[in-house]
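Working notes, beginning with the structure itself.
Keep in mind that the numbers below use all heavy atoms, side chains included, and drop hydrogens, waters and symmetry copies. Naming: A, B, ... by sequence-line order, numbering from 1 per chain.
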4 protein chains.
Amino acid sequence: MSDVAAPLPLDPSDSQGPPKPLRADARRNRERVLNAAREIFAEQGRDAQIDDVARRAGLGVGTVYRHFPTKEALLEALAIDKFERLLVIAERALDASDAWEGLRDVFWKTAEQMEQDRALSEAMAPDALEVATAERVRLQDAGRLLLERAQKSGAVRADVEPEDLPVLMCSIGAAVRRSAGNPERWHRYVELVCDGLRARTP
Amino acid sequence: MSDVAAPLPLDPSDSQGPPKPLRADARRNRERVLNAAREIFAEQGRDAQIDDVARRAGLGVGTVYRHFPTKEALLEALAIDKFERLLVIAERALDASDAWEGLRDVFWKTAEQMEQDRALSEAMAPDALEVATAERVRLQDAGRLLLERAQKSGAVRADVEPEDLPVLMCSIGAAVRRSAGNPERWHRYVELVCDGLRARTP
Amino acid sequence: MSDVAAPLPLDPSDSQGPPKPLRADARRNRERVLNAAREIFAEQGRDAQIDDVARRAGLGVGTVYRHFPTKEALLEALAIDKFERLLVIAERALDASDAWEGLRDVFWKTAEQMEQDRALSEAMAPDALEVATAERVRLQDAGRLLLERAQKSGAVRADVEPEDLPVLMCSIGAAVRRSAGNPERWHRYVELVCDGLRARTP
Amino acid sequence: MSDVAAPLPLDPSDSQGPPKPLRADARRNRERVLNAAREIFAEQGRDAQIDDVARRAGLGVGTVYRHFPTKEALLEALAIDKFERLLVIAERALDASDAWEGLRDVFWKTAEQMEQDRALSEAMAPDALEVATAERVRLQDAGRLLLERAQKSGAVRADVEPEDLPVLMCSIGAAVRRSAGNPERWHRYVELVCDGLRARTP
DNA sequence: CATGAATGAGACTTCATTCAT
DNA sequence: TATGAATGAAGTCTCATTCAT
């Protein structure tokens, strides 16, 4: 009856400050919610209901809200999660010996990743820009490095800018989604983009 | 930046081909609703309310519902309208003397068109596939012709299929939206796609 | 633009003052509306829409409203119409030579009449008491006479009062409706009521 | 006028047999909703609003909808409840030593019951046939038994069929409602029906 | 006078969020 | 702490009635 409304300290995805370690069962519940949310939003789009997420997770709504104070927050957590995966892809590519191979790899693996959570991306797409900022910045940084190297090596045309990369990624995402069911489609598309990026040799 | 894609002024005389000869004022109202809807959905996304559309149109909700029995139906009408504009672009391109120029033109003008109703497209995106079927089929047909000609003329690589065009269009749409505010971004993107499409000369 | 809202003088069912004679086409329209209303309310119950009535009548809603200023009013007109038919039955029965035969006849014919517009009665039932007052009074009067005669002739038990007749009529109506499809049911019921009414001979 | 039909006090413990073990407070709320609905529908007829029911129950609309997903469902629950009370009457009558007394009792007590929720019945009447099927079947069964016994004992005319009972019940209901305010009316009516049912002794 | 498009209060229902158990 | 019942603002849609054409 006293400080009940004090901010619940449970959300480890909070981008400011060090995430507090969760008790084992709390972490398990958080994961369950996230998985259920992924499924449900993928199946029903962004208008899916929190109740359904809770049911799928085998938990009460209250528990979902304990971990994610808002539907928005849950969706954002999913987005962060997704960008973290992309980040892994991009940062690994920095280790590639050949700069162009690294960049090329990012496109392919990102596309593959996007095919995984196609439906989910669709559900989150419109908000994409105002969300998961931290992860997006890091992704941007990795991209800049990859691009600069590839350009220095002469493999990529010089007029492309780092800020073009998110544009490319988004367009790949769109292509993957629109290819629904026909991977050859987006395969061709990614090839085409890669070709387009290669430096023109006059 | 040419005036190629000057916003079509929503010609109120061609929304309906044969269906019903609407009374003059009814037609005017229908157009008002459509315009208001475009604005509102662009501003607030797909979750905008019909009441707002009505208010913006200066009409009662009832009138909106008389013309579009469902929110869905209104959104679909908007989609049809959009695809009709793309259709005009594509069909005009069929008249081009040079096949590749025709196809290239379609990409550019479509992108310009998409920049017009960027926000609106975002609002409609997820449903795009189950909607405006008739228009989409005609668009597909025009696309097929353009592509075949361009391939025969040797300007476009042979492995591209007609079904790749929608994928390309969608990806261009995504690129345009993601470029928000920076046209050079998607300009570069469209160039890149065009380059990628040109036949490789070994 | 001036006295447009002056009371329209069209409604001949207005119980006060002499009904103004209608122009031929106006009368025809009124009749059409009434017939359509009978059908529609019978089919869909009291919640049917005026638009449907208008459509069925082959007229615009405006015309319906010209004749019946209110949905209520239309329903009442139907009720009046129904009670007028019952009235005819009762008044004819006054001519019967045998008092009991007359009364008996009223029960049977009323039941038959009710079977006709079973669905319609159902739609109007709940309001029955506050409507068609004039007709109901006349019906009551005829009933009183019939009953008194029959009682004087010794055919009907003395404790029945004139006010019991509407109760009997309503119960017959309910029986008829509940017999839906099985006339023998309500036949038996009417017989039972008649038997119950005969004077007990100890 | 005896105390035979003292209003059953809406026993909150027997509304649901096996379906779901409701939490104590949930059950209490369900009962509150049902009571409020009874009142409101009785007062305002079937077109009463759910919001009013909720307000009367001192609960939010959402709670009403949690218990009854539809206005229809709420009305049906009320109907079931009503038939359950009639069922109790009929099944108790099966214990009567004298068959005719048992049947007679059913008519009287049913009428008394109907006087209780006169207004409510009026509100539900039209739908009565497609609703509360299970309860109506059991009622029918009890009725059949009562009738057969009474016929075997020679107290009731042989040509009456079990299926006539619902017809009789409905007609009694109509009579009770139409007697509004004058119990002697429907008393006389029930007597008359009972008399009509007695076997004719030639 | 007839027509049917327009109106908008108000109905039903949903669902994110809170809170008692 | 977890649960799920309760809440009620808000959204979609209907339909009796009005009024410009």
Would you check, one step at a time, whether the test salt bridge (charged side-chain N to carboxylate O under 4.0 Å, His left out) holds for B:Asp52 with B:Arg55?
-> CA-CA 5 Å; B:Asp52 284 343; B:Arg55 190 161 24 256; 2.8 Å; yes
5' precedence on DNA chain E between C:Gly60 and D:Val61 (nearest-nucleotide basis) | C:Gly60
Pick the nucleotide of DNA chain E nearest each of D:Asp47 and B:Val64; which residue has the one closer to the 5' end?
-> B:Val64
Euclidean distance, atom CD of residue D:Glu72 to atom P of E:dA11 [Å, nearest integer] | 17 Å
Between CE on residue A:Met124 and CG on residue A:Leu78, distance to nearest 0.5 Å | 6.0 Å
Taking the side chain as C-beta and beyond, is there a heavy-atom pair between C:Leu74 and C:Leu34 under 4.5 Å?
-> yes
B:Ala48 near the nucleic acid: base, sugar-phosphate alone, or nothing, with a heavy-atom cut-off under 4.0 Å?
-> sugar-phosphate
Between E:dT18 atom P and A:Asp51 atom CG, what is the distance in whole Å?
-> 14 Å
Out of F:dT12, E:dT18, E:dG10, minimum distance to the side chain of D:Gln49 belongs to E:dG10
Between E:dT13, E:dC1, E:dT3, spot the one nearest the side chain of C:Arg66, thanks.
-> E:dC1
How about A:Ile80 and A:Glu84: do any of their side-chain heavy atoms sit closer than 4.5 Å?
-> yes
When you get a sec, tell me which of E:dA6, E:dA2, E:dC12 is the closest nucleotide to the side chain of C:Asn29?
-> E:dA2
Do A:Arg32 and A:Leu59 have side-chain heavy atoms sitting under 4.5 Å apart?
-> yes
Give the angle between the helix axes at the two ends of the helix from E:dA2-F:dT21 to E:dT21-F:dA2, taking five base pairs at each end and rounding to 10°.
-> 0°
Under 4.5 Å between any side-chain heavy atoms of A:Ile50 and A:Phe68, yes or no?
-> no
Between F:dA16 atom P and B:Tyr65 atom OH, what is the distance in whole Å?
-> 18 Å
Atom CG of A:Asp25 to atom C1' of F:dT1: distance rounded to whole Å?
-> 9 Å
Indicate yes or no: at least one non-hydrogen side-chain atom of C:Leu120 is less than 4.5 angstrom from one of C:Lys82.
-> no
Would you kindly give the NZ-to-P distance between A:Lys71 and E:dC15, to the nearest whole Å?
-> 8 Å
Compare side-chain N and O positions of B:His67 against OP1 and OP2 of E:dA6 and report whether any pair is under 4.0 Å apart.
-> yes
Distance only, no hydrogens: is a donor on one side chain within 3.5 Å (strictly under) of an acceptor on the other, for D:Asn35 and D:Arg38?
-> yes
When the distance from CG of D:Leu75 to C1' of E:dC12 is rounded to whole Å, what number comes out?
-> 14 Å
Which listed nucleotide (E:dT13, F:dT7, F:dA2) is nearest to the side chain of D:Thr70?
-> E:dT13
Quickly work out the C:Glu76 CD to F:dA16 C1' distance and round it to whole Å.
-> 18 Å
Specify the separation, in whole Å, of atom CG of A:Leu59 and atom C1' of E:dT17.
-> 17 Å
Examine E:dA5: is either OP1 or OP2 under 4.0 Å from a nitrogen or oxygen in the side chain of B:Thr63? Give yes or no.
-> no
Which of these nucleotides, F:dA6, F:dA16, F:dT12, is closest to any side-chain atom of D:Ala26?
-> F:dA6
